[in-house]
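Just so we're on the same page: letters track the sequence lines, and every chain starts at 1.
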Amino acid sequence: MITEIIKDSLRKKLKELGIDALPDQISLERPANRDHGDWSSNIALVTAKSAGRQARSLAEEIVNSLTVSLPDGIVEVTAAGPGFINFRTSAEISYGILLEVLRTESNYGSSEMGLGKRVNVEFVSANPTGPLHAGHARGACYGDAIGNLLEYVGYDVHREFYMNDRGIQMIAFGRSLEARKNNVPLPEDGYGGEYVNAWAEEMPESLSLEEVITWGCEFAKRDQQDTLSQLGIHFDTWFSEKSMIDNGEISDVLEDLIKSGMAYEKDGATWLSSIEFGDDKDRVLIKSDGEYTYLAPDVAYHRNKFERSDWLINVWGADHHGYIARMKAAMQALGYDSDELTVQITQLVKLLRAGEEVKLSKRQGDIIELRSIIEEIGADATRFMYLLQSVDSKQTFDLELAASQAMDNPVYYVQMAYARLCSVERNAMEHGFEFQTLQIDELGLLIHQREMEIIRGLEILPETIELAARELAPHKIVTWVRDFANSVHGFHHDCYVVGDGVSKELTNARLNLVVASRRGLKVGLDLLGVTAPNKM
RNA sequence: GCCCUCGUAGCUCAGGGGAUAGAGCAUUGGCCUCCGGAGCCAUGUGCGCAGGUUCGAAUCCUGCCGAGGGCGCCA
């Protein structure tokens, strides 16, 4: 790796100058401005003070010394600004990137960062009492995308959906179905959504309440699966809460907690000593009426997951952030490392339609089903729009814009770039050209600013993927994809692949860029779960 | 009252210790012999406020202001 070569050379020079730099002090970054070179080191700035030197002059001394015999792959070293050391890499490095993309075909930028680690990503986990709605969409798209990212960097990813298929909400749901079926008024805490009517009609006659609940749960699950599969989201496991009652896991975990003194009885209820592990207060596990709170099954569930995973990721909505502390406390109480439970909170999304806010109130008949969003804007736009921004930020987007086939729709912009590359390739083939992998002595043909931009974009893709995976931030892939699509359009505009004034050799050289770009863009879109259309 | 997230251009958002803070849209003005004009190029404006840490702060810390969410023997 070129970065290792640069770091080694810096380390050596510092040693010659009698400056001890800690290994992690030597880091390289990409200069924001391309004119500053390909890699930049701030080591002179970092060490100047302790070395009793002026940063700029220290940088210059290092640069002068390095220039005497340049490290492999480096063609220029300069000192700049307050004391940066900038490196410009050789054409061979660029060529290597191009070759790498062409060679790896569909897994460019993948890595073994997470090799051997089993990560369980739990997301959506909507109650099986109705269809998925707009509020579930962000977590669904996000959870699946981080699953993709983690897989790409080598983790053994398990996607999981937790079904709260027992408890009072299921009884209320079952009674609502019964009421609709029999045309009697809904119970007070009933589910009033229009879908309950439709579902009740599908329901077989004369079922017991228990059978109604089982039927309704199964129906809801299939409905949710259907919607998710429209988005290309598939779970490895649909985990039933009820199953942990049946097989005793919940009672086991409670027993273990009591035995180890992490839970106790008070006022007729059973409490988790969560304060001991950083929570604000102790939490009830079993109510005084003998019923479990939501927490008891959740604790059992998380233990179950820990027993088959090395790392747990939960994707929760903003309204659940208050539960993080108690869940982590519970895991510590059970002897797990709470750092191996990562809870990602997604902030709310406000939907607009033609500039008007679409209300998400849960009032009767007033939910927006996720299915209808997909119908309105398409699966690709749904995924892309929901992944557009960091989940830490509240998000606003306009359905009308997302559905439009206009240039201000980022989904179209990016997919268009891909389709264009395919089109150019087809055009070249129709003109009788055959793709041949670029030879290194032909690299000099690619000198246009646009061509450099393409190579630069491909170069930073692997590090972008790694960062996005590390930070569980798929929106960084979206940003890359948008930037790269921009480069592609510019390249297409300024650099004709096939044309009167273009030599045969240049056509082939540019064709290499086209194919590499197409693959790079495909990698990005695949990670997001957005299709890459050959034509539009 | 306490906890979490956020506050960056007219709008939607990137950037989350580094150099001149970016993109799209909107505005205004250019660009079609030819691979898809569903495009490209140019154009003005901005880090909520106040302290602090640092060679260097939009970024880290503290306080304040503002927005949203959360603080149940509800799920």
Residue pair A:S273, A:D282: steps toward the side chain to side chain donor-acceptor pair (under 3.5 Å) verdict: CA-CA 5 Å; A:S273 305; A:D282 286 352; 4.6 Å; no
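For the OP1/OP2 pair of B:C73 and a distance below 4.0 Å, the side-chain nitrogens and oxygens of A:Y292 include no atom meeting the criterion. Between A:S393 and the phosphate of B:A14, there is a side-chain N or O to OP1/OP2 separation shorter than 4.0 Å. Between A:K287 and B:G72 there is no side-chain N or O to OP1 or OP2 distance below 4.0 Å. Checking the phosphate oxygens (OP1, OP2) of B:G37, a side-chain nitrogen or oxygen of A:R420 falls inside 4.0 Å. Put simply, A:Y413 has no side-chain N or O that comes within less than 4.0 Å of OP1 or OP2 on B:G37.
Glycosidic conformation of B:C61 is anti; the angle lies outside 90° of 0.
Relative ring orientation between A:Y301 and A:F239 is described as tilted, the plane-to-plane angle lying within the 30° to 60° band.
Residue A:A269 is in base contact, counting any heavy-atom pair closer than 4.0 Å across all strands shown.
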Nucleotide-resolved protein contact map, nucleotides 41-46 of chain B, B/S/- at heavy-atom distance under 4.0 Å: S-----
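For the strand RNA chain B, secondary-structure stems (runs of at least three Watson-Crick or G-U pairs, all distances below 3.5 Å) span B:1-7 with B:65-71, B:10-13 with B:22-25, B:28-31 with B:39-42, B:48-52 with B:60-64.
Taking atom CD1 of residue A:I275 and atom C1' of nucleotide B:C2, one finds them 14 Å apart after rounding to whole Å.
The separation of B:G24 from B:G46, taken at their C1' atoms, amounts to 16 Å, rounded to a whole angstrom.
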